[in-house]
Number of protein chains: 2
Amino acid sequence: MSGRKVKNMEEFAVVSGISRPTVSKFFHDPESVRKSTRRKIEAALEQYDYRPNIFAINQNRKLTKTVGIVVPYLADPFFAEIARKIERRCIEAGYWPTLFSSHGERKYESDILETLRSLKPAGVLLAPVGRASDRAAVETFCKNVPTVLFDSNIEDMGAAFVGSDNFSFVSQSVDYLTRSGSAPVFFEMRTPPNPNANKRRLAYIEIMEKLNFKPQIIQVEGEGWEFEQFGYQGAMRVLAGDELTSDTVLCSNDRLAIGFLAAAYEKGVQVGIGPSATLRVASHDDHPFSRFTCPSLTTVAHDYEAVSNRSVETLFRLIEEGGTFDSRDETLFPARLILRASA
Amino acid sequence: MSGRKVKNMEEFAVVSGISRPTVSKFFHDPESVRKSTRRKIEAALEQYDYRPNIFAINQNRKLTKTVGIVVPYLADPFFAEIARKIERRCIEAGYWPTLFSSHGERKYESDILETLRSLKPAGVLLAPVGRASDRAAVETFCKNVPTVLFDSNIEDMGAAFVGSDNFSFVSQSVDYLTRSGSAPVFFEMRTPPNPNANKRRLAYIEIMEKLNFKPQIIQVEGEGWEFEQFGYQGAMRVLAGDELTSDTVLCSNDRLAIGFLAAAYEKGVQVGIGPSATLRVASHDDHPFSRFTCPSLTTVAHDYEAVSNRSVETLFRLIEEGGTFDSRDETLFPARLILRASA
DNA sequence: ATCTATTTTTAACGCGCGCAAATTTTGAAT
DNA sequence: ATTCAAAATTTGCGCGCGTTAAAAATAGAT
């Protein structure tokens with residue numbers, strides 16, 4: 001890392017004593033050249049610190065090595081976490097991931113898809129903003145770019161979907177709550193941005209009826225992704241009135257639960273499973289912060305690892321097969337109950 | 001959006017009835033062409049849905065429109081939030097921001113800087129991982145790419161630094177705590193990854209001495225960025241013993257405080273300002289979740305808006321001035337005390 | 001030393017657009 | 001109709017690398 005500056009592959013080929021096409025081949029796949037030439041190039045690489053120009057590379061390739069990752073809301077640690085895992089997998093596979101956040105808004109999502117189209121990525125992993133998504137925009141995008149949806153499904157869009165099994169979440173939480181106490185009331189947003197919420201509600205109703213309990217649903221107001229705030233406000237109202245028909249509350253997701261617990265604390269309502277507690281609260285997702293709520297949150301965990309791994313694998317398979325699958329398969333991973341102090 | 005496919009600017013120029021150089025000019029700046037031609041191009045744009053090839057564009061430009069944004073840990077909502085603000089500003093200014101997270105690790109940060117170099121960005125906004133940073137790598141990077149540091153400073157690196165005034169944080173929290181009760185013990189990590197922590201400790205000591213109080217510092221173990229966990233473990237130990245020499249604790253940052261509050265709750269220690277409370281806890285940062293802790297966290301807030309705005313403005317000024325400033329100026333924004341229930 | 005399969009070299013074109021100089025057209029003012 | 005600056009066009013090179021076909025060199029086996 002000392003010698004003269006090297007502007008391009010031509011110059012680098014000269015100083016390494018190898019022809020340019022061979023050098024080009026090397027950067028494509030170091031194993032594809034003879035060992036002796038590889039060593040020469042690597043030696044030159046240490047002296048001259050040259051890197052091929054990304055833009056020039058991608059200009060002529062039919063198949064870019066870029067992969068787009070789009071999440072609905074990056075300020076949500078849940079998505080930050082899963083994005084991180086996916087990013088890492090892509091890098092390991094030799095791809096170049098680029099991360100985007102829709103910030104919960106249709107306009108951003110559409111803009112990102114536009115940007116992605118001109119990036120000509122090999123493939124895209126898309127977690128749509130859900131209800132706010134511009135279905136037409138997503139659809140045309142999926143037709144032009146190999147896309148795998150994850151986390152939140154939109155019917156018939158993308159070549160595949162990978163996510164968690166919402167039924168599995170609710171079945172485990174309701175099962176546990178009814179066995180260990182009384183049947184839960186379901187606490188959710190009236191207009192949730194994410195379709196998973198709807199699936200969870202339906203699962204709740206189905207499971208409760210199967211167990212011969214009457215489903216009770218409390219829906220709180222709020223538009224957007226500030227779930228904690230909506231949970232807090234809703235809980236303040238609920239805890240002030242007599243809307244609560246059970247001593248057990250099952251929140252649709254952890255972020256609502258975090259708000260709920262904050263409200264309960266403020267109202268002096270003892271949450272937990274001890275003898276002094278008057279309310280149990282459980283939830284779904286195993287949000288990174290759910291271990292640190294007061295009390296710590298009993299919840300049902302995504303199989304983060306499985307979802308991110310399978311998403312990436314599926315995308316790579318899709319890319320290899322030329323951008324389309326024979327049929328659109330949906331993979332749902334089961335969830336895992338995490339018992340903590342709140343229920 | 002119906003007509004034949006248009007592969008490149010040449011073809012698009014033909015179908016829009018305008019010459020290619022003029023079309024090129026249009027995409028650079030729509031205002032730079034005559035109104036009548038602009039209308040023709042825009043009309044063709046609606047019919048043919050053409051977008052210039054990003055790679056080809058950036059290949060020849062001396063000055064890319066790309067801007068790199070690097071944060072140390074994106075799963076921390078604090079950084080997710082500030083990254084979001086910065087992203088938006090860049091887009092508004094016509095730049096193309098690309099977001100990277102170092103995930104708290106030196107290796108990732110160095111890799112990102114490598115990647116960024118080959119991206120040839122117009123400029124980079126870098127929040128270093130701090131203690132873990134490879135100073136040599138950061139230094140050479142800053143020499144080659146116009147860079148503005150933010151949030152966490154590294155002396156003499158980058159063309160400028162924009163962040164919050166750590167002294168202002170601590171001065172306000174200590175002032176408030178001493179006036180409203182007793183002087184606080186300072187609760188922090190023994191080996192914090194972020195240099196801001198050191199500045200806060202020094203500020204604490206200085207302010208306490210000025211007020212004629214004896215500084216008391218509790219340092220907890222932990223390597224990495226799982227601050228809540230370290231705060232929780234540390235607090236469990238502290239609350240079990242008699243290390244606590246005051247009824248007031250000032251945490252170095254909110255994430256530690258979140259862990260601390262979880263431990264206090266578990267230990268049955270009443271935190272807050274009411275008559276029944278035995279412990280006050282305050283902190284710094286105004287983390288997005290600090291409103292929802294139990295009790296809600298009294299803290300000192302960054303001026304997010306000002307920091308992100310000034311960072312971006314500074315970078316653009318730097319770019320305009322050709323990549324260097326006459327002198328390296330450090331901008332520190334004052335913080336704002338947020339009174340809540342915990343202290 | 002001879003043969004063969006593999007690898008490297010040579011030579012040259014193409015990608016899509018930036019950019020510049022010289023020329024022509026335009027539109028508004030005289 | 002004349003003038004003239006501003007805008008648009010023509011022409012053509014260059015960017016850095018992918019890619020290919022044919023020629024040459026290399027390495028391993030006989």
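Side-chain atoms are counted along with the backbone in the values below, which use heavy atoms only and exclude waters and symmetry mates. Small disclaimer: the values here were computed from a predicted structure and weren't measured.
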Could you give the [atom1]-to-[atom2] distance, from [X] to [N], as a whole number of Å?
{"X": "B:Glu10", "N": "C:dG18", "atom1": "CD", "atom2": "P", "value": "12 Å"}
{"X": "B:Asn53", "N": "D:dC15", "atom1": "CG", "atom2": "C1'", "value": "13 Å"}
{"X": "A:Asp29", "N": "C:dT7", "atom1": "CG", "atom2": "P", "value": "12 Å"}
{"X": "A:Phe27", "N": "D:dG18", "atom1": "CZ", "atom2": "C1'", "value": "14 Å"}
{"X": "A:Gln59", "N": "C:dC13", "atom1": "CD", "atom2": "P", "value": "18 Å"}
{"X": "B:Asn8", "N": "C:dC17", "atom1": "CG", "atom2": "P", "value": "6 Å"}
{"X": "B:Lys7", "N": "C:dC17", "atom1": "NZ", "atom2": "C1'", "value": "13 Å"}
{"X": "A:Lys65", "N": "D:dG18", "atom1": "NZ", "atom2": "P", "value": "13 Å"}

Taking only residues two or more places apart in sequence, or in another chain, which ones meet [X] in a side chain to side chain contact (heavy atoms under 4.5 Å, CB included)?
{"X": "A:Ser118", "value": "B:Arg51, B:Ile54"}
{"X": "A:Glu92", "value": "A:Arg88, A:Arg89"}
{"X": "B:Ser16", "value": "B:Phe12, B:Ile18, B:Val23, B:Ala44"}
{"X": "B:Glu155", "value": "none"}

Item to check | Those residues that, when tested against A:Phe55, pass ring-ring contact (aromatic ring centres under 6.0 Å, His included) (two or more places apart) | outcome: none
Next on the checklist: Just to be sure I understand the rule, does B:Tyr50 reach a base, reach only the sugar-phosphate, or reach nothing, if contact means heavy atoms closer than 4.0 Å?
Outcome noted: sugar-phosphate
Checklist entry - Under 4.0 Å between a side-chain N/O of A:Ser24 and OP1 or OP2 of D:dC17, yes or no? => result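 A:Ser24 to D:dC17 OP1/OP2: no side-chain N or O under 4.0 Å.
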Next on the checklist: Each nucleotide in nucleotides 4-12 of chain D should get exactly one letter: B, S or -. Can you fill that in based on protein heavy atoms under 4.0 Å?
Outcome noted: ---SSBBBB
Checklist entry - What are the two closest heavy atoms between B:Gly158 and B:Arg328, and how far apart are they? => result O-NE, 3.2 Å
Next on the checklist: Could you check, using the six-membered ring where one of them is a Trp, whether B:Phe78 and B:Tyr73 have ring centers closer than 6.0 angstrom?
Outcome noted: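 Centroid distance B:Phe78-B:Tyr73: not below 6.0 Å, so no.
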Checklist entry - Which of these nucleotides, D:dG16, D:dC17, D:dT19, is closest to any side-chain atom of A:His28? => result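 Nearest listed nucleotide: D:dT19.
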